[in-house]
2 protein chains.
Amino acid sequence: MARTRAHNPRPFKREKHDHRRCVTTALDRAAKVCAAKGARLTAIRRQVLELVWQSHRPAGAYDILAALGRKRDYVAPPTVYRALEFLRAQGLVHRIESLNAFVGCERPGEPHCGQFLICRACGRAAEMADGRIEAAVRRGLAEAGFALERPTVEALGLCPDCQPPAEAGNA
Amino acid sequence: MARTRAHNPRPFKREKHDHRRCVTTALDRAAKVCAAKGARLTAIRRQVLELVWQSHRPAGAYDILAALGRKRDYVAPPTVYRALEFLRAQGLVHRIESLNAFVGCERPGEPHCGQFLICRACGRAAEMADGRIEAAVRRGLAEAGFALERPTVEALGLCPDCQPPAEAGNA
DNA sequence: GGCCGGGTGTTATCTTATAACATAACGTTC
DNA sequence: GAACGTTATGTTATAAGATAACACCCGGCC
Ligand SMILES: [Zn+2]
Ligand SMILES: [Zn+2]
Ligand SMILES: [Zn+2]
Ligand SMILES: [Zn+2]
């Protein structure tokens with residue numbers, strides 16, 4: 001039963017990691033996904049995607065707008081929103097509803113239900129891929145007679161790095 | 001193992017139901033919850049709660065603002081937002097992040113993870129109470145080392161009433 | 001009275017998002 | 001390579017959602 005790993009046990013990256021690699025991987029994957037679908041990853045869309053991946057903190061549309069303004073001539077809000085909508089339609093970014101912000105998708109190409117941990121201390125958001133959560137959600141909604149289109153789970157809290165140190169030897 | 005019902009199998013109300021009863025129940029419960037906590041359910045807060053319960057469609061802050069203006073003298077946005085924030089802190093309403101809107105909580109007093117089905121056709125939102133989803137979410141987040149504070153599940157789709165009729169005899 | 005704190009009123013402003021229309025770039029066909 | 005339909009972007013204006021900052025009121029308390 002070729003069961004892929006049920007979930008990623010470490011959704012939050014280390015504080016220090018080779019983030020340039022995150023970015024290049026994301027851009028490479030995006031190119032592949034778009035090519036496979038015949039979608040056009042234009043210059044602006046690519047730049048917006050790159051800016052979304054600037055960090056693991058969700059980026060607001062106007063943050064991206066401002067950053068984009070530094071790279072090229074000023075662009076107006078609709079341009080950014082259109083690019084973000086395109087990227088979301090391709091499954092390349094997720095929108096974090098509770099923050100009105102966007103993060104790059106960790107698993108583009110694989111359809112999945114968005115599951116996010118949002119740290120209210122450091123602001124990072126990590127995407128989980130817990131098959132059990134997804135299964136529970138899909139089952140619950142099916143039992144409610146609901147035709148599911150786009151489920152998302154968002155949890156606000158404290159990431160491992162931002163939690164006060166445990167008193168006892170509780171790992 | 002006094003297991004409460006795992007979930008409500010019919011989160012969406014019938015089109016026609018005695019909705020006044022929904023409202024009065026909600027207001028009664030709110031009074032009890034506030035009394036128990038020593039929180040003051042003032043006139044404005046109560047009116048805002050009543051307006052949130054006007055229907056099972058999530059109400060935007062400015063919808064409430066407008067409706068409130070019809071009942072009493074004009075109130076400014078901060079008044080409504082403060083009332084909504086109070087109600088949310090008391091667990092009397094939930095915010096639907098993906099809609100920037102608010103719905104009354106079906107189970108005030110019982111701490112729970114918000115689970116919502118949002119129909120993109122009729123606009124209604126139904127709160128689920130699926131213990132298995134909640135358990136899966138809590139477990140997944142705990143395994144990720146995440147200190148959980150406020151998990152929510154939101155699913156966009158079509159409610160049973162709004163789905164195209166099934167072709168075959170598939171219930 | 002004088003003080004405090006919670007709740008509300010008021011004004012102004014900020015952030016987020018989209019409507020509507022104009023223009024440019026691309027791909028195809030002949 | 002001109003004409004055409006299609007998709008993407010530019011531009012202007014505005015809608016929609018949310019909050020900051022400060023004033024005021026009112027009840028309880030000393
Ligand atoms: Zn990274
Ligand atoms: Zn953190
Ligand atoms: Zn009702
Ligand atoms: Zn519906």
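Just so we're on the same page: letters track the sequence lines, and every chain starts at 1. Atoms considered below: every heavy atom in the structure, side chains included; atoms not considered: hydrogens, waters and symmetry mates.
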Item to check | Separation of dA19(C) C1' from Glu85(A) CD (nearest whole Å) | outcome: 16 Å
Checklist entry - Separation of Leu99(A) atom CG from dG17(D) atom P, in whole Å? => result 18 Å
Next on the checklist: If we count only N and O atoms by modelled type, under 3.5 Å, do the side chains of Gln47(B) and Arg72(B) hold a donor and an acceptor together?
Outcome noted: yes
Next on the checklist: Quick one, Arg95(A) with Asn100(A), criterion side-chain contact (heavy atoms from CB on, under 4.5 Å). Give me CA distance, side-chain angles, the key distance, then yes/no.
Outcome noted: CA-CA 7 Å; Arg95(A) 180 182 160 85; Asn100(A) 295 331; 3.0 Å; yes
Checklist outcome for this item: The answer to which of Pro77(B) and Ala39(B) contacts DNA chain C further toward the 5' end, by nearest nucleotide, is Ala39(B)
Checklist entry - Which part of the nucleic acid, if any, lies within reach of Arg46(B) when heavy atoms closer than 4.0 Å are counted: base, sugar-phosphate only, or nothing? => result nothing
Item to check | Electrostatic pair Arg88(A):Glu85(A) at N-O distance under 4.0 angstrom | outcome: yes
Checklist outcome for this item: Per atom distances to the Pro78(A) side chain, the nearest of dT12(D), dT19(D), dG10(D) is dT12(D)
Next on the checklist: Would you say Arg45(B) places a side-chain N or O within less than 4.0 Å of OP1 or OP2 belonging to dG7(C)?
Outcome noted: yes
Checklist entry - For Phe86(B) and dG7(C), what is the distance between atoms CZ and P respectively, to the nearest whole Å? => result 7 Å
Item to check | Stepwise side-chain contact (heavy atoms from CB on, under 4.5 Å) check, Val103(B) with His56(B) | outcome: CA-CA 7 Å; Val103(B) 284; His56(B) 294 280; over 6 Å; no
Checklist outcome for this item: Between OH of Tyr74(B) and P of dT8(C) the distance, given in whole Å, is 16 Å
Checklist entry - Would you say Arg95(B) reaches dA18(D)'s phosphate, i.e. side-chain N/O to OP1/OP2 under 4.0 Å? => result yes
Item to check | Short side-chain N/O contact to dG17(D) OP1/OP2 from Asn100(A), under 4.0 Å | outcome: no
Checklist entry - If only atom types and distance count, is the side chain of Glu154(A) paired as donor or acceptor with the main-chain N or O of Glu154(B) below 3.5 Å? => result no
Item to check | Sugar-phosphate only, base, or nothing, as touched by Arg82(A) at under 4.0 Å among non-hydrogen atoms | outcome: base
Item to check | Proximity to the side chain of Thr79(A) - top-ranked nucleotide from dG6(C), dG17(D), dT9(D) | outcome: dT9(D)
Checklist entry - Could you state the CD-P distance from Gln47(A) to dG10(D), rounded to the nearest angstrom? => result 10 Å
Next on the checklist: Can you tell me how the ring of His94(B) sits relative to the ring of Phe116(B), calling it parallel under 30°, perpendicular over 60° and tilted otherwise?
Outcome noted: perpendicular
Next on the checklist: Counting only side-chain nitrogens and oxygens, does Tyr81(A) get under 4.0 Å of the OP1 or OP2 atom of dA17(C)?
Outcome noted: yes
Checklist entry - For the pair made of CD1 in Ile64(A) and C1' in dT15(C), what is the distance, rounded to whole Å? => result 14 Å
Checklist entry - To the nearest Å, how far apart are Leu41(B) CG and dG7(C) P? => result 11 Å
Checklist entry - Relative to the 5' end of DNA chain D, which residue comes earlier, Arg40(A) or Ala61(B), by the nucleotide with the nearest heavy atom? => result Arg40(A)
Checklist entry - OP1, OP2 of dT9(D) versus side-chain N and O of Thr42(A): anything below 4.0 Å? => result yes
Next on the checklist: Using only modelled atom types and a 3.5 angstrom limit, is any donor from either the side chain of Tyr62(A) or the base of dA17(C) paired with an acceptor on the other?
Outcome noted: yes
Checklist entry - Any idea which of dT12(D), dT9(D), dA17(C) is nearest the Ile44(A) side chain? => result dT9(D)
Checklist outcome for this item: Gln90(A) atom CD is separated from dT7(D) atom C1', nearest whole Å, by 13 Å
